[in-house]
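Residue numbering restarts at 1 for every chain, and letters A, B, ... go by the order of the sequence lines.
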Amino acid sequence: MDSSLMTREKKEKRTDLPELSISSIEGPVVMRIAPGPSGPLHLGHSRVAVLNDEYVRRYEGRLINRFEDTNPEKIDPDAYRMIPEDLDWLGVEIHDTIIQSDRFERYYEVIRQLTGMGHAYVCICDSDDWRNAKSACECCPCRDQPVEVQLERLDRLMSSHYAAGKAAAVIKTAIDHPNPALRDFIALRQVDHPHPRTGDRYNIYPMMNLSVAIDDHDLGLTHVLRGKDHLNNTFRQEYIYDYLGWRKPTFMHYGLVSIPDTVLKTSVIGRGIKEGQFTGWDDVRTGTLRALARRGIKPEAIRRFWMDVGIKQVDVQVSWDNLFAMNRDIIDSQAQRYFFVPNPVAVDVCFDGEAESHCPLHPDRPELGQRKHSFSGDFQVHICPDDMQELQDRGMIRLKGLCNISHGEICRHAGDDMGVTRQGVKVIQWAPPGSIPAEVLMPDGGLVKGLVEPVSAAAGDMVQFERFGFVRLEQVDTRVRAVYAHR
RNA sequence: GCUCCUGUAGUGUAGUCCGGCCAAUCAUUCCGCCCUUUCGAGGCGGUGACCCGGGUUCGAAUCCCGGCAGGAGCACCA
(Lines give C-alpha, C1' and ligand atoms only; values in the text may rest on other atoms or scores of the structure.)
Protein backbone atom coordinates (compact mmCIF):
# COMPACT_ATOMS: atom_id res chain seq x y z
CA MET A 1 0.00 0.00 0.00
CA ASP A 2 1.14 3.47 -0.80
CA SER A 3 2.39 4.85 2.48
CA SER A 4 1.22 8.32 1.51
CA LEU A 5 -2.36 7.09 1.69
CA MET A 6 -2.05 6.28 5.35
CA THR A 7 -2.95 8.92 7.83
CA ARG A 8 0.22 10.42 9.01
CA GLU A 9 1.49 10.24 12.50
CA LYS A 10 1.35 13.42 14.41
CA LYS A 11 5.08 14.05 14.46
CA GLU A 12 5.77 12.83 10.96
CA LYS A 13 7.36 15.37 8.67
CA ARG A 14 5.33 16.44 5.70
CA THR A 15 7.28 15.83 2.57
CA ASP A 16 4.34 15.90 0.23
CA LEU A 17 1.11 17.67 -0.46
CA PRO A 18 -1.69 17.14 2.05
CA GLU A 19 -4.10 14.34 1.41
CA LEU A 20 -7.26 14.87 -0.58
CA SER A 21 -10.52 13.99 1.08
CA ILE A 22 -11.52 10.95 -0.91
CA SER A 23 -13.81 9.18 1.52
CA SER A 24 -16.97 10.56 -0.06
CA ILE A 25 -16.26 9.90 -3.71
CA GLU A 26 -17.10 6.71 -5.50
CA GLY A 27 -14.90 6.46 -8.56
CA PRO A 28 -11.43 7.71 -9.27
CA VAL A 29 -10.22 11.19 -8.55
CA VAL A 30 -11.00 13.52 -11.45
CA MET A 31 -9.42 16.94 -11.60
CA ARG A 32 -8.90 19.59 -14.21
CA ILE A 33 -6.95 22.53 -15.33
CA ALA A 34 -8.82 25.23 -17.16
CA PRO A 35 -6.63 27.63 -19.10
CA GLY A 36 -8.07 30.44 -21.16
CA PRO A 37 -6.46 30.20 -24.60
CA SER A 38 -5.09 33.71 -24.64
CA GLY A 39 -1.45 32.73 -25.03
CA PRO A 40 1.09 30.17 -23.89
CA LEU A 41 1.45 29.18 -20.24
CA HIS A 42 3.65 31.12 -17.89
CA LEU A 43 5.28 30.26 -14.58
CA GLY A 44 2.17 31.26 -12.65
CA HIS A 45 -0.01 28.90 -14.68
CA SER A 46 2.37 26.06 -14.09
CA ARG A 47 1.45 25.88 -10.42
CA VAL A 48 -2.11 24.75 -10.95
CA ALA A 49 -0.96 22.36 -13.66
CA VAL A 50 1.74 20.76 -11.54
CA LEU A 51 -0.32 20.48 -8.38
CA ASN A 52 -3.30 18.95 -10.14
CA ASP A 53 -1.00 16.59 -11.97
CA GLU A 54 0.67 15.53 -8.74
CA TYR A 55 -2.64 14.75 -7.09
CA VAL A 56 -3.97 12.85 -10.06
CA ARG A 57 -0.83 10.77 -10.21
CA ARG A 58 -0.91 10.04 -6.53
CA TYR A 59 -4.50 8.86 -6.57
CA GLU A 60 -4.29 7.32 -10.03
CA GLY A 61 -7.05 9.55 -11.26
CA ARG A 62 -7.70 11.50 -14.42
CA LEU A 63 -6.72 15.02 -15.37
CA ILE A 64 -8.76 16.99 -17.84
CA ASN A 65 -7.56 20.00 -19.75
CA ARG A 66 -10.45 22.31 -20.50
CA PHE A 67 -10.00 25.28 -22.77
CA GLU A 68 -12.10 28.11 -21.45
CA ASP A 69 -12.70 30.03 -24.62
CA THR A 70 -16.04 31.64 -23.92
CA ASN A 71 -14.84 35.17 -24.48
CA PRO A 72 -14.08 35.45 -28.19
CA GLU A 73 -12.40 38.79 -27.69
CA LYS A 74 -9.58 37.31 -25.63
CA ILE A 75 -8.49 34.33 -27.64
CA ASP A 76 -5.22 33.72 -29.39
CA PRO A 77 -5.87 30.85 -31.81
CA ASP A 78 -2.27 29.69 -31.44
CA ALA A 79 -2.88 29.04 -27.76
CA TYR A 80 -4.88 25.90 -28.53
CA ARG A 81 -1.62 24.49 -29.84
CA MET A 82 0.85 26.16 -27.48
CA ILE A 83 -0.81 25.25 -24.19
CA PRO A 84 -0.71 21.48 -24.78
CA GLU A 85 2.92 21.86 -25.85
CA ASP A 86 3.68 23.67 -22.62
CA LEU A 87 1.88 21.07 -20.51
CA ASP A 88 3.74 18.35 -22.30
CA TRP A 89 7.05 20.06 -21.61
CA LEU A 90 6.08 20.37 -17.96
CA GLY A 91 5.45 16.65 -17.87
CA VAL A 92 1.79 17.11 -17.00
CA GLU A 93 -0.21 14.19 -18.20
CA ILE A 94 -3.59 15.10 -19.68
CA HIS A 95 -6.10 12.30 -19.99
CA ASP A 96 -8.82 14.24 -21.74
CA THR A 97 -9.21 17.58 -23.44
CA ILE A 98 -12.41 19.47 -23.89
CA ILE A 99 -13.14 22.85 -25.38
CA GLN A 100 -15.93 24.98 -24.06
CA SER A 101 -16.76 26.40 -27.45
CA ASP A 102 -17.92 22.89 -28.37
CA ARG A 103 -20.52 23.02 -25.63
CA PHE A 104 -22.58 26.15 -26.15
CA GLU A 105 -25.80 24.15 -26.63
CA ARG A 106 -25.33 22.57 -23.25
CA TYR A 107 -24.92 25.91 -21.53
CA TYR A 108 -28.05 27.19 -23.26
CA GLU A 109 -29.94 24.15 -22.05
CA VAL A 110 -28.97 24.72 -18.44
CA ILE A 111 -29.66 28.44 -18.37
CA ARG A 112 -33.11 27.68 -19.79
CA GLN A 113 -33.63 25.11 -17.09
CA LEU A 114 -32.57 27.51 -14.36
CA THR A 115 -34.80 30.21 -15.78
CA GLY A 116 -37.73 27.82 -15.89
CA MET A 117 -37.10 26.98 -12.24
CA GLY A 118 -37.17 30.67 -11.32
CA HIS A 119 -33.49 30.73 -10.40
CA ALA A 120 -32.46 32.96 -13.26
CA TYR A 121 -33.86 36.00 -15.01
CA VAL A 122 -33.18 38.10 -18.02
CA CYS A 123 -32.30 41.64 -17.18
CA ILE A 124 -32.82 44.31 -19.78
CA CYS A 125 -31.99 47.23 -17.53
CA ASP A 126 -29.07 49.50 -18.09
CA SER A 127 -26.11 47.58 -16.71
CA ASP A 128 -25.08 50.44 -14.43
CA ASP A 129 -28.59 50.60 -12.97
CA TRP A 130 -28.55 46.87 -12.36
CA ARG A 131 -25.23 47.08 -10.60
CA ASN A 132 -26.21 50.07 -8.51
CA ALA A 133 -29.42 48.40 -7.43
CA LYS A 134 -27.42 45.37 -6.32
CA SER A 135 -25.03 47.37 -4.23
CA ALA A 136 -28.07 48.80 -2.44
CA CYS A 137 -29.49 45.29 -1.96
CA GLU A 138 -32.35 46.11 -4.27
CA CYS A 139 -33.87 44.19 -7.12
CA CYS A 140 -34.00 45.62 -10.58
CA PRO A 141 -37.48 45.61 -12.18
CA CYS A 142 -36.64 42.55 -14.25
CA ARG A 143 -35.82 40.25 -11.39
CA ASP A 144 -39.37 39.73 -10.16
CA GLN A 145 -41.06 39.22 -13.50
CA PRO A 146 -42.85 35.89 -13.73
CA VAL A 147 -41.12 32.86 -15.16
CA GLU A 148 -43.12 33.01 -18.41
CA VAL A 149 -41.84 36.50 -19.08
CA GLN A 150 -38.29 35.43 -18.28
CA LEU A 151 -38.48 32.49 -20.66
CA GLU A 152 -39.86 34.72 -23.37
CA ARG A 153 -37.06 37.18 -22.81
CA LEU A 154 -34.54 34.37 -22.83
CA ASP A 155 -35.83 33.33 -26.25
CA ARG A 156 -35.37 36.87 -27.44
CA LEU A 157 -31.90 37.06 -25.93
CA MET A 158 -30.95 33.82 -27.62
CA SER A 159 -32.21 35.07 -30.98
CA SER A 160 -30.21 38.29 -30.67
CA HIS A 161 -33.33 40.35 -30.32
CA TYR A 162 -31.51 42.64 -27.91
CA ALA A 163 -28.28 44.30 -28.91
CA ALA A 164 -25.07 43.14 -27.27
CA GLY A 165 -24.79 44.72 -23.84
CA LYS A 166 -28.51 45.44 -23.58
CA ALA A 167 -29.64 42.22 -21.98
CA ALA A 168 -28.13 39.43 -19.92
CA ALA A 169 -29.26 36.27 -18.22
CA VAL A 170 -28.64 36.54 -14.50
CA ILE A 171 -28.46 33.87 -11.80
CA LYS A 172 -30.39 34.80 -8.67
CA THR A 173 -28.57 34.38 -5.42
CA ALA A 174 -29.66 36.54 -2.49
CA ILE A 175 -30.05 40.16 -3.40
CA ASP A 176 -29.31 41.15 0.18
CA HIS A 177 -26.35 38.84 0.56
CA PRO A 178 -23.91 40.48 3.00
CA ASN A 179 -21.08 39.85 0.60
CA PRO A 180 -21.66 42.24 -2.30
CA ALA A 181 -19.62 40.01 -4.54
CA LEU A 182 -22.25 37.31 -4.25
CA ARG A 183 -25.44 39.16 -5.13
CA ASP A 184 -26.86 37.90 -8.44
CA PHE A 185 -24.35 37.35 -11.18
CA ILE A 186 -24.42 37.44 -14.95
CA ALA A 187 -24.51 34.02 -16.57
CA LEU A 188 -24.96 34.63 -20.27
CA ARG A 189 -24.67 37.54 -22.68
CA GLN A 190 -24.35 38.45 -26.30
CA VAL A 191 -20.93 39.15 -27.78
CA ASP A 192 -20.68 40.25 -31.38
CA HIS A 193 -17.18 39.14 -32.14
CA PRO A 194 -16.17 36.24 -34.34
CA HIS A 195 -14.85 33.24 -32.46
CA PRO A 196 -11.69 31.62 -33.82
CA ARG A 197 -13.26 28.19 -33.64
CA THR A 198 -16.95 28.75 -34.20
CA GLY A 199 -16.88 31.88 -36.29
CA ASP A 200 -20.21 33.66 -36.09
CA ARG A 201 -22.29 30.55 -35.60
CA TYR A 202 -22.88 31.55 -31.97
CA ASN A 203 -23.00 35.01 -30.53
CA ILE A 204 -24.48 34.19 -27.14
CA TYR A 205 -21.71 33.32 -24.70
CA PRO A 206 -21.81 31.99 -21.15
CA MET A 207 -19.86 33.70 -18.39
CA MET A 208 -17.32 31.52 -16.70
CA ASN A 209 -19.39 30.89 -13.61
CA LEU A 210 -22.11 29.26 -15.69
CA SER A 211 -19.89 27.25 -17.99
CA VAL A 212 -17.47 26.24 -15.27
CA ALA A 213 -20.19 24.97 -12.95
CA ILE A 214 -21.82 22.99 -15.75
CA ASP A 215 -18.58 21.53 -17.02
CA ASP A 216 -17.19 20.67 -13.62
CA HIS A 217 -20.40 18.80 -12.95
CA ASP A 218 -20.73 17.15 -16.34
CA LEU A 219 -17.13 16.02 -16.29
CA GLY A 220 -17.58 14.41 -12.91
CA LEU A 221 -14.89 16.36 -11.17
CA THR A 222 -14.18 15.18 -7.66
CA HIS A 223 -11.78 17.93 -6.62
CA VAL A 224 -11.24 21.43 -7.87
CA LEU A 225 -7.92 23.01 -6.96
CA ARG A 226 -7.34 26.60 -7.97
CA GLY A 227 -6.18 29.97 -6.76
CA LYS A 228 -8.07 31.77 -4.05
CA ASP A 229 -8.85 34.58 -6.44
CA HIS A 230 -11.64 32.20 -7.42
CA LEU A 231 -13.04 31.93 -3.93
CA ASN A 232 -16.07 34.08 -4.68
CA ASN A 233 -16.54 32.33 -7.98
CA THR A 234 -16.74 29.08 -6.08
CA PHE A 235 -19.49 30.51 -3.92
CA ARG A 236 -21.35 31.65 -7.02
CA GLN A 237 -20.97 28.32 -8.70
CA GLU A 238 -22.26 26.58 -5.64
CA TYR A 239 -25.59 28.34 -6.15
CA ILE A 240 -25.89 26.59 -9.49
CA TYR A 241 -24.99 23.24 -7.97
CA ASP A 242 -27.59 23.75 -5.28
CA TYR A 243 -30.36 24.84 -7.66
CA LEU A 244 -29.84 21.79 -9.83
CA GLY A 245 -29.29 19.37 -6.99
CA TRP A 246 -25.82 18.54 -8.20
CA ARG A 247 -23.22 17.02 -5.99
CA LYS A 248 -20.33 19.37 -5.43
CA PRO A 249 -16.69 18.55 -5.86
CA THR A 250 -14.32 19.36 -3.05
CA PHE A 251 -13.07 22.87 -3.66
CA MET A 252 -9.57 23.87 -2.61
CA HIS A 253 -7.97 27.26 -2.99
CA TYR A 254 -4.32 28.05 -2.72
CA GLY A 255 -2.86 31.48 -2.12
CA LEU A 256 -1.95 34.04 -4.69
CA VAL A 257 1.40 33.95 -6.39
CA SER A 258 3.44 37.01 -7.10
CA ILE A 259 6.43 36.65 -9.32
CA PRO A 260 8.92 39.50 -9.15
CA ASP A 261 11.19 40.88 -11.83
CA THR A 262 9.50 39.46 -14.88
CA VAL A 263 6.71 40.16 -17.31
CA LEU A 264 3.95 37.66 -16.87
CA LYS A 265 0.76 39.13 -18.22
CA THR A 266 -0.14 37.37 -21.43
CA SER A 267 -1.79 40.45 -22.90
CA VAL A 268 1.26 42.60 -22.19
CA ILE A 269 3.63 40.09 -23.73
CA GLY A 270 1.37 39.64 -26.74
CA ARG A 271 1.25 43.36 -27.32
CA GLY A 272 4.99 43.65 -26.78
CA ILE A 273 5.60 41.04 -29.44
CA LYS A 274 3.39 42.87 -31.93
CA GLU A 275 5.11 46.14 -31.21
CA GLY A 276 8.56 44.63 -31.45
CA GLN A 277 9.63 45.06 -27.81
CA PHE A 278 9.76 41.33 -27.31
CA THR A 279 11.24 38.85 -29.71
CA GLY A 280 8.48 36.30 -29.22
CA TRP A 281 6.70 34.20 -26.62
CA ASP A 282 10.07 32.83 -25.54
CA ASP A 283 11.65 36.24 -24.94
CA VAL A 284 13.86 35.73 -21.90
CA ARG A 285 12.56 38.88 -20.26
CA THR A 286 9.16 37.22 -19.86
CA GLY A 287 8.04 34.52 -17.47
CA THR A 288 6.52 32.18 -20.02
CA LEU A 289 7.43 28.53 -19.75
CA ARG A 290 8.90 28.90 -23.21
CA ALA A 291 11.23 31.59 -21.98
CA LEU A 292 12.23 29.55 -18.96
CA ALA A 293 12.82 26.51 -21.13
CA ARG A 294 14.99 28.60 -23.38
CA ARG A 295 17.05 29.67 -20.41
CA GLY A 296 17.51 26.07 -19.43
CA ILE A 297 15.17 25.89 -16.49
CA LYS A 298 14.14 22.27 -16.31
CA PRO A 299 10.51 21.25 -15.86
CA GLU A 300 11.58 19.06 -12.94
CA ALA A 301 12.88 22.14 -11.15
CA ILE A 302 9.56 23.92 -11.65
CA ARG A 303 7.71 20.89 -10.39
CA ARG A 304 9.91 20.62 -7.30
CA PHE A 305 9.51 24.29 -6.71
CA TRP A 306 5.70 24.19 -6.67
CA MET A 307 5.67 21.07 -4.58
CA ASP A 308 7.84 22.88 -2.08
CA VAL A 309 5.48 25.83 -2.04
CA GLY A 310 2.50 23.55 -1.54
CA ILE A 311 -1.16 24.52 -1.47
CA LYS A 312 -1.39 26.82 1.51
CA GLN A 313 -3.77 29.74 1.32
CA VAL A 314 -1.06 32.23 2.16
CA ASP A 315 0.05 34.40 -0.67
CA VAL A 316 3.53 33.60 -1.86
CA GLN A 317 6.24 35.47 -3.56
CA VAL A 318 8.21 33.35 -5.95
CA SER A 319 11.89 33.21 -5.03
CA TRP A 320 13.95 32.94 -8.18
CA ASP A 321 16.89 32.01 -5.97
CA ASN A 322 15.07 28.96 -4.71
CA LEU A 323 13.97 27.94 -8.18
CA PHE A 324 17.46 28.42 -9.57
CA ALA A 325 18.96 26.43 -6.71
CA MET A 326 16.68 23.53 -7.56
CA ASN A 327 17.55 23.84 -11.21
CA ARG A 328 21.28 23.98 -10.46
CA ASP A 329 20.91 20.84 -8.44
CA ILE A 330 19.40 19.09 -11.45
CA ILE A 331 21.76 20.29 -14.15
CA ASP A 332 25.07 20.54 -12.32
CA SER A 333 26.20 16.98 -12.81
CA GLN A 334 25.32 17.03 -16.52
CA ALA A 335 26.74 20.39 -17.47
CA GLN A 336 30.14 20.37 -19.16
CA ARG A 337 32.53 23.10 -18.15
CA TYR A 338 33.99 25.58 -20.60
CA PHE A 339 35.98 28.77 -20.52
CA PHE A 340 34.04 31.75 -21.71
CA VAL A 341 35.72 35.15 -21.60
CA PRO A 342 33.38 38.11 -21.73
CA ASN A 343 34.68 41.34 -23.25
CA PRO A 344 38.05 39.72 -23.95
CA VAL A 345 41.35 41.52 -23.95
CA ALA A 346 44.50 39.98 -25.42
CA VAL A 347 47.50 39.00 -23.33
CA ASP A 348 50.73 38.20 -25.13
CA VAL A 349 52.80 35.77 -23.15
CA CYS A 350 56.50 35.39 -23.59
CA PHE A 351 57.41 31.73 -23.44
CA ASP A 352 60.13 29.46 -24.73
CA GLY A 353 59.01 25.94 -24.17
CA GLU A 354 56.09 23.66 -24.69
CA ALA A 355 53.00 23.24 -22.60
CA GLU A 356 49.61 21.64 -22.70
CA SER A 357 46.57 22.67 -20.67
CA HIS A 358 44.35 20.11 -19.00
CA CYS A 359 40.91 20.95 -17.70
CA PRO A 360 38.24 18.38 -17.00
CA LEU A 361 34.96 18.63 -18.84
CA HIS A 362 33.43 18.11 -15.41
CA PRO A 363 35.44 18.40 -12.18
CA ASP A 364 33.49 15.65 -10.43
CA ARG A 365 33.42 13.29 -13.40
CA PRO A 366 36.94 12.73 -14.70
CA GLU A 367 35.74 9.91 -16.94
CA LEU A 368 34.20 12.50 -19.26
CA GLY A 369 37.66 13.55 -20.36
CA GLN A 370 39.49 16.82 -20.66
CA ARG A 371 39.76 19.95 -22.72
CA LYS A 372 43.34 20.25 -23.94
CA HIS A 373 45.21 23.05 -25.64
CA SER A 374 48.87 22.92 -26.71
CA PHE A 375 51.35 25.75 -26.65
CA SER A 376 54.82 26.12 -28.06
CA GLY A 377 56.82 29.29 -27.75
CA ASP A 378 55.23 32.73 -27.36
CA PHE A 379 51.45 32.66 -27.32
CA GLN A 380 48.43 34.83 -26.91
CA VAL A 381 45.35 34.25 -24.79
CA HIS A 382 42.33 36.41 -23.99
CA ILE A 383 41.09 37.17 -20.52
CA CYS A 384 38.38 39.43 -19.22
CA PRO A 385 39.07 43.05 -18.20
CA ASP A 386 38.66 42.47 -14.46
CA ASP A 387 41.23 39.70 -14.55
CA MET A 388 43.55 41.88 -16.58
CA GLN A 389 43.30 44.46 -13.86
CA GLU A 390 44.05 41.81 -11.28
CA LEU A 391 47.06 40.66 -13.27
CA GLN A 392 48.39 44.19 -13.35
CA ASP A 393 47.67 44.87 -9.69
CA ARG A 394 49.06 41.67 -8.29
CA GLY A 395 51.62 41.01 -10.95
CA MET A 396 50.61 37.42 -11.35
CA ILE A 397 47.60 35.34 -12.26
CA ARG A 398 47.02 31.68 -12.93
CA LEU A 399 45.49 30.52 -16.17
CA LYS A 400 43.47 27.62 -14.93
CA GLY A 401 44.84 24.30 -16.07
CA LEU A 402 47.78 25.83 -17.90
CA CYS A 403 50.32 27.94 -16.06
CA ASN A 404 50.97 31.07 -14.09
CA ILE A 405 51.80 34.26 -15.86
CA SER A 406 53.59 37.23 -14.45
CA HIS A 407 53.13 40.82 -15.41
CA GLY A 408 56.05 43.17 -15.68
CA GLU A 409 57.21 45.07 -18.71
CA ILE A 410 55.88 42.11 -20.60
CA CYS A 411 53.86 39.08 -19.56
CA ARG A 412 55.79 35.90 -19.06
CA HIS A 413 55.08 32.28 -18.51
CA ALA A 414 55.83 31.91 -14.80
CA GLY A 415 55.87 28.19 -14.28
CA ASP A 416 53.19 25.77 -13.29
CA ASP A 417 53.45 25.88 -9.54
CA MET A 418 49.97 25.75 -8.13
CA GLY A 419 51.28 26.82 -4.77
CA VAL A 420 50.92 30.43 -5.81
CA THR A 421 47.16 30.14 -5.37
CA ARG A 422 47.80 29.87 -1.64
CA GLN A 423 49.40 33.28 -1.77
CA GLY A 424 46.18 34.64 -3.20
CA VAL A 425 46.90 34.45 -6.90
CA LYS A 426 43.58 34.25 -8.71
CA VAL A 427 42.76 31.30 -10.90
CA ILE A 428 40.95 32.48 -13.98
CA GLN A 429 39.39 31.21 -17.16
CA TRP A 430 41.01 32.16 -20.44
CA ALA A 431 40.42 31.81 -24.14
CA PRO A 432 43.13 29.97 -26.10
CA PRO A 433 44.04 30.73 -29.69
CA GLY A 434 41.38 29.28 -31.94
CA SER A 435 38.57 30.28 -29.62
CA ILE A 436 35.19 30.99 -31.08
CA PRO A 437 33.16 34.18 -30.93
CA ALA A 438 30.36 33.73 -28.45
CA GLU A 439 27.46 35.71 -27.14
CA VAL A 440 25.29 35.08 -24.15
CA LEU A 441 21.75 36.40 -23.98
CA MET A 442 21.15 37.68 -20.46
CA PRO A 443 17.81 37.69 -18.59
CA ASP A 444 17.49 41.44 -19.05
CA GLY A 445 17.65 41.00 -22.80
CA GLY A 446 21.22 42.27 -23.05
CA LEU A 447 23.97 40.46 -24.88
CA VAL A 448 27.37 39.65 -23.42
CA LYS A 449 29.93 39.09 -26.15
CA GLY A 450 33.16 37.26 -25.82
CA LEU A 451 35.21 34.25 -26.74
CA VAL A 452 34.72 30.63 -25.83
CA GLU A 453 37.11 27.75 -26.24
CA PRO A 454 35.95 25.13 -28.78
CA VAL A 455 32.83 23.43 -27.48
CA SER A 456 31.99 19.81 -27.96
CA ALA A 457 28.55 20.03 -26.37
CA ALA A 458 25.59 20.44 -28.66
CA ALA A 459 22.95 23.07 -29.12
CA GLY A 460 20.29 22.52 -26.47
CA ASP A 461 22.78 21.34 -23.85
CA MET A 462 23.32 23.04 -20.53
CA VAL A 463 26.93 23.92 -19.87
CA GLN A 464 28.69 25.94 -17.25
CA PHE A 465 30.87 28.80 -18.37
CA GLU A 466 33.29 28.72 -15.48
CA ARG A 467 33.15 31.73 -13.21
CA PHE A 468 30.31 33.10 -15.31
CA GLY A 469 27.26 30.90 -14.88
CA PHE A 470 25.17 28.11 -16.29
CA VAL A 471 23.94 28.69 -19.79
CA ARG A 472 21.92 26.82 -22.36
CA LEU A 473 23.60 26.50 -25.74
CA GLU A 474 21.46 27.63 -28.63
CA GLN A 475 23.93 27.53 -31.47
CA VAL A 476 27.28 25.79 -31.74
CA ASP A 477 29.19 26.06 -35.01
CA THR A 478 31.42 28.85 -36.26
CA ARG A 479 30.13 30.82 -33.34
CA VAL A 480 28.38 30.06 -30.10
CA ARG A 481 25.15 31.54 -28.91
CA ALA A 482 23.90 30.75 -25.43
CA VAL A 483 21.21 31.88 -23.02
CA TYR A 484 22.07 32.63 -19.42
CA ALA A 485 20.23 30.57 -16.82
CA HIS A 486 21.70 31.45 -13.45
CA ARG A 487 24.90 31.40 -11.54
C1' G B 1 -17.39 51.07 1.98
C1' C B 2 -18.87 45.81 2.23
C1' U B 3 -17.49 40.46 2.09
C1' C B 4 -14.08 36.65 2.26
C1' C B 5 -9.14 34.65 2.93
C1' U B 6 -4.36 34.77 5.25
C1' G B 7 -0.45 36.27 9.00
C1' U B 8 6.30 31.37 11.43
C1' A B 9 13.63 34.09 9.65
C1' G B 10 15.23 38.18 3.34
C1' U B 11 12.39 34.11 0.48
C1' G B 12 9.72 29.41 0.46
C1' U B 13 8.34 25.72 3.98
C1' A B 14 7.40 22.14 8.65
C1' G B 15 4.70 22.42 13.17
C1' U B 16 -1.39 24.91 14.23
C1' C B 17 -6.87 20.42 13.35
C1' C B 18 -5.59 16.72 18.56
C1' G B 19 -1.62 22.80 23.78
C1' G B 20 3.74 20.19 26.66
C1' C B 21 8.95 16.09 23.23
C1' C B 22 9.28 23.76 19.70
C1' A B 23 14.91 27.98 23.74
C1' A B 24 10.54 26.11 16.63
C1' U B 25 12.05 22.00 10.88
C1' C B 26 14.10 21.85 6.13
C1' A B 27 15.62 24.42 1.71
C1' U B 28 17.48 28.91 -0.29
C1' U B 29 19.98 33.58 0.57
C1' C B 30 23.87 36.03 3.38
C1' C B 31 28.58 35.63 6.45
C1' G B 32 32.84 32.72 8.09
C1' C B 33 36.02 28.26 7.77
C1' C B 34 37.54 23.43 5.20
C1' C B 35 38.08 21.09 0.51
C1' U B 36 38.53 22.12 -4.60
C1' U B 37 43.28 24.73 -10.27
C1' U B 38 35.26 27.91 -11.02
C1' C B 39 32.27 32.72 -7.95
C1' G B 40 29.76 25.23 -9.49
C1' A B 41 29.52 20.90 -6.35
C1' G B 42 30.70 18.92 -1.40
C1' G B 43 31.75 19.47 4.19
C1' C B 44 31.48 22.33 8.89
C1' G B 45 29.77 26.55 11.58
C1' G B 46 27.04 31.18 12.11
C1' U B 47 23.27 35.33 11.53
C1' G B 48 18.01 35.19 11.10
C1' A B 49 11.02 34.10 12.59
C1' C B 50 5.98 32.35 15.75
C1' C B 51 1.98 40.29 13.54
C1' C B 52 0.33 42.92 18.31
C1' G B 53 -2.56 42.95 22.88
C1' G B 54 -5.60 40.53 26.22
C1' G B 55 -7.85 35.82 27.96
C1' U B 56 -8.13 30.33 29.16
C1' U B 57 -4.32 26.96 31.19
C1' C B 58 0.47 24.33 35.55
C1' G B 59 1.89 25.19 30.31
C1' A B 60 0.02 28.70 24.01
C1' A B 61 3.24 29.24 17.49
C1' U B 62 -0.95 25.93 18.53
C1' C B 63 -7.39 27.27 21.76
C1' C B 64 -10.74 32.01 22.57
C1' C B 65 -11.56 37.43 22.05
C1' G B 66 -9.99 42.16 20.19
C1' G B 67 -6.81 44.92 17.27
C1' C B 68 -3.38 45.55 13.23
C1' A B 69 -1.33 44.22 8.54
C1' G B 70 -1.41 41.98 3.70
C1' G B 71 -4.21 39.87 -0.32
C1' A B 72 -8.57 38.90 -3.15
C1' G B 73 -13.52 39.87 -4.72
C1' C B 74 -17.80 43.28 -5.29
C1' A B 75 -16.97 42.93 -14.42
C1' C B 76 -22.03 41.58 -19.80
C1' C B 77 -12.74 38.82 -18.15
C1' A B 78 -11.08 34.06 -16.84
Side-chain angles (χ1 to χ4, degrees), chain A residues 10-15 34-38 68-71 73-75 100 123 127 130-131 134-135 137 162 164-170 177-183 185-191 204-209 211-212 226-236 253-256 258 260 266-267 304-310 312-326 328-329 331-333 335 337-339 357-360 362-365 398-404 416 418-421 425-429 464-470 486-487:
Chain A
K10 191 174 174 202
K11 288 305 283 184
E12 189 181 329
K13 290 267 193 298
R14 202 207 82 184
T15 56
S38 57
E68 305 211 325
D69 56 347
T70 54
N71 181 1
E73 294 173 354
K74 289 196 177 176
I75 298 174
Q100 290 193 316
C123 176
S127 58
W130 174 77
R131 215 172 310 123
K134 269 204 321 176
S135 59
C137 292
Y162 308 103
K166 296 294 180 192
V170 180
H177 198 290
N179 184 347
L182 299 185
R183 293 172 201 151
F185 59 92
I186 308 278
L188 195 81
R189 86 297 197 199
Q190 179 174 333
V191 180
I204 309 298
Y205 289 89
M207 302 294 289
M208 68 101 95
N209 283 308
S211 53
V212 165
R226 54 183 169 183
K228 72 178 183 186
D229 49 324
H230 285 296
L231 215 43
N232 283 329
N233 289 322
T234 295
F235 294 139
R236 294 189 182 110
H253 303 88
Y254 57 73
L256 256 58
S258 82
T266 308
S267 55
R304 265 170 61 180
F305 179 79
W306 288 128
M307 288 295 283
D308 185 53
V309 170
K312 292 207 315 184
Q313 288 207 27
V314 255
D315 301 340
V316 300
Q317 189 178 59
V318 165
S319 161
W320 290 104
D321 275 342
N322 286 9
L323 177 61
F324 292 156
M326 291 174 184
R328 193 181 296 124
D329 191 46
I331 62 175
D332 181 58
S333 65
R337 268 60 174 174
Y338 290 102
F339 288 161
S357 69
H358 301 271
C359 285
H362 194 292
D364 305 327
R365 301 174 66 192
R398 176 164 179 82
L399 302 180
K400 187 178 173 186
L402 177 60
C403 66
N404 308 323
D416 194 21
M418 270 190 279
V420 298
T421 61
V425 171
K426 265 176 80 180
V427 179
I428 64 162
Q429 85 278 25
Q464 187 199 44
F465 285 167
E466 293 196 32
R467 300 179 70 232
F468 183 80
F470 289 92
H486 46 71
R487 200 164 52 98

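The side chain of Asp308(A) lies closest to G12(B), out of C5(B), U38(B), G12(B). In the set C30(B), U38(B), A78(B), A78(B) carries the atom at the smallest distance from any side-chain atom of His230(A). Distances from the side chain of Arg467(A) to the nucleotides C4(B), C39(B), A78(B) place C39(B) closest. The Leu256(A) side chain lies nearest to G71(B) when the options are G40(B), U3(B), G71(B).
Close to C74(B), at under 4.0 Å from its OP1 or OP2, lies no side-chain N or O of Arg131(A). Within the structure, a side-chain polar atom (N or O) of Lys312(A) is placed less than 4.0 Å from OP1 or OP2 of A14(B). Note on Ser258(A): every side-chain N or O is 4.0 Å or more away from OP1 and OP2 of G71(B). Contact between the side-chain N/O atoms of Arg183(A) and the OP1/OP2 oxygens of C74(B) is not found at any separation under 4.0 Å. The shortest distance between the side-chain N/O atoms of Arg365(A) and the OP1/OP2 oxygens of A41(B) is not below 4.0 Å.
Across all strands shown, G45(B) forms a Watson-Crick or G-U wobble pair with C31(B), both key distances being under 3.5 Å. Pair assignment for C22(B): none, as no Watson-Crick or G-U wobble contacts are both less than 3.5 Å. Across all strands shown, A9(B) remains unpaired; no Watson-Crick or G-U wobble contact has both distances below 3.5 Å.
Taking atom C1' in both G59(B) and G40(B), the straight-line distance is 49 Å, to the nearest Å.
At a cut-off of 3.5 angstrom, the base of G40(B) holds at least one donor-acceptor pair with the side chain of Asp364(A).
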